[in-house]
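First up is the structure itself, then whatever we jot down about it.
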Amino acid sequence: MKDNKGVIILLFVGVLMGALDISIVGPALPSIENALKIDARYIGWIFSIYVLFNLIGISLFARLSDVYGRRRIYIIALSIFAIGSLWVSVARSFDMLLIGRAIQGFGASGIFPVASALVGDLFPPQKRGQILGLIGAVFGLAFLIGPFVAGVMLNYLPWNFLFIINLPISVILIYYSSKILPNITNINVIRIDWLGIISLGIALAAFTYGLNNLKGLNWEVDFANFKMLLPFIVSIVALIILFSVENKAKNPIIEFSFFKNREIMIAGIIAVVTGVVQACFVFIPKFVVETFNVTPSTASFMLTPFVLATAIGSPIFGKMIDKFGVKIIIGIGLIISTIGFYLLAFNGNNIVTYYLSGSVIGLGLSVLSGSSLRYIMLNNTSLEDRATSQGMLTIFISIGQLIGTAAVGLLTASLVAKNLYEYMFFGVACLLMAMFVISFGLKNVVYNKETFI
């Protein structure tokens with residue numbers, strides 16, 4: 001463990017940097033909109049295109065790391081992310097900004113799955129839960145602290161500096177990665193499944209485009225001429241092609257045989273719901289502003305219970321997984337999260353109830369966003385498929401985030417503000433309770449120091 005401390009730090013900082021650039025954009029949107037004269041109808045693409053290219057690149061980088069080595073691909077991913085950050089920081093038009101965000105998202109797609117796979121490569125089974133829990137805490141914290149960090153920086157600096165700051169950090173990470181990261185490869189993986197990568201990319205791109213165009217559409221008109229359905233039809237066709245290609249591929253990017261494993265199937269379902277839950281955090285500051293009549297900056301500080309509870313809970317629950325088993329801890333996390341969102345839905349404008357619900361939600365989500373799901377994937381796949389399985393899990397979570405964002409957009413269009421948050425948070429509580437029921441299908445896997453029980 002001592003020899004791997006530097007590796008852990010490198011992975012933590014890389015994951016934090018990549019995750020922050022998803023959430024850090026929110027507070028900067030008004031400044032970017034004014035600076036680049038962007039039509040308000042298209043401003044959401046600054047976020048969506050990052051997530052889209054992140055989704056497209058995950059499986060590619062995961063498999064490339066299996067073939068060419070973790071260190072080499074991690075450095076390449078960091079370099080692409082740095083180039084994208086530079087591009088965004090000097091953007092003088094909306095098109096240029098979107099290109100930079102796409103490059104950023106593509107580079108970031110190689111950071112998290114490779115980091116998770118390295119944990120599986122370097123640490124024994126009885127330690128993986130704790131380390132993945134810490135990495136999960138960093139990833140989860142990024143979504144919560146991003147708006148706060150951006151708010152502080154924008155008080156003193158132009159919006160460009162939100163991205164310029166990535167450059168020195170990337171250079172430092174690249175330098176030390178070349179020095180201390182092992183370049184682990186899997187000799188059993190000898191070719192890249194390009195047809196699978198392309199069909200998966202088309203499926204994800206069409207799905208993302210379709211979701212982003214759901215918001216604010218006239219349902220009767222769009223269903224009549226099928227314009228709204230076209231992206232989803234393309235996505236389904238691409239998925240059918242993907243299924244056909246992957247069943248014949250020697251080294252597929254998605255092992256559909258994984259889904260014959262009940263553990264992986266359940267983890268995938270819970271991962272999608274976890275992404276939906278994470279999407280709700282985008283709207284909690286707005287909920288706080290409207291409910292308690294505070295300024296946006298005050299609302300950012302009022303997220304502190306969520307942040308602290310997640311930071312405290314992730315490593316603790318990670319250790320508990322190693323000791324008590326993943327099924328028990330996931331069940332506890334789902335119940336805690338359900339209670340927290342129920343309290344948030346019916347807080348009655350009570351500040352004490354709000355802070356209590358925030359603490360409870362943070363603890364519960366520290367399980368789901370921490371080690372638990374990645375623990376299941378690592379321990380149900382072979383060495384050569386570790387990075388691929390982690391990439392698949394990240395895809396599931398990202399799809400959940402997109403679905404959650406689209407669902408909230410539809411609720412916003414159909415409900416008055418008074419009922420919006422109550423329905424949203426109560427709906428999340430119901431989803432989490434359903435996942436608690438599904439989690440009974442998991443096995444309670446426990447590692448001791450020597451053997452797998």
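Position 1 is the first residue of the sequence, and the numbers go up from there.
- No donor-acceptor pair under 3.5 Å is formed between the side chain of Lys443 and the backbone N or O of Lys327.
- Under the side-chain contact (heavy atoms from CB on, under 4.5 Å) criterion, Val234 pairs with Ile202, Ala206, not counting sequence neighbours.
- The backbone N or O of Ala309 sits nowhere less than 3.5 Å from a side-chain atom of Ser359 that would complete a donor-acceptor pair.
- In terms of the side-chain contact (heavy atoms from CB on, under 4.5 Å) criterion, residue partners of Ala267 (sequence neighbours excluded) are, by chain and number, Leu373, Ile376, Met377.
- In this structure a side-chain-to-backbone donor-acceptor pair under 3.5 Å is missing from Arg101 to Ile49.
- A donor-acceptor pair shorter than 3.5 Å can be found between the side chains of Gln104 and Asp21.
- Aromatic ring orientation, Phe425 versus Phe341: tilted (interplanar angle from 30° to 60°).
- Expressed to the nearest 0.5 Å, how far OG of Ser93 lies from CG of Leu36 amounts to 7.0 Å.
- Here the CD1 atom belonging to Ile58 is positioned 9.5 Å from the CG atom belonging to Leu393, to the nearest 0.5 angstrom.
- The closest donor-acceptor contact from the side chain of Ser244 to the backbone of Ile240 lies at 3.5 Å or more, if one exists at all.
- If you take CG on Leu368 and OG1 on Thr274, they are separated by 4.5 Å, rounding to the nearest 0.5 Å.
- A side-chain donor-acceptor contact under 3.5 Å links Ser199 to the backbone of Gly196.
- Annotation: the span from Ser439 atom OG to Ile332 atom CD1 amounts to 10.5 Å, rounded to 0.5 Å.
- Ring geometry for Phe426 versus Phe346: interplanar angle over 60°, hence perpendicular rather than tilted (30 to 60°).
- Side-chain atoms of Ser85 and Asn166 include a donor-acceptor pair closer than 3.5 Å.
- Within the 3.5 Å criterion, the main-chain N or O of Tyr354 finds a donor-acceptor partner in the side chain of Ser357.
- Under a 3.5 Å cut-off, the side chain of Arg262 and the backbone N or O of Leu442 do not form any donor-acceptor pair.
- Under the side-chain contact (heavy atoms from CB on, under 4.5 Å) criterion, Val245 pairs with Asp193, Leu195, Ile241, sequence neighbours left out.
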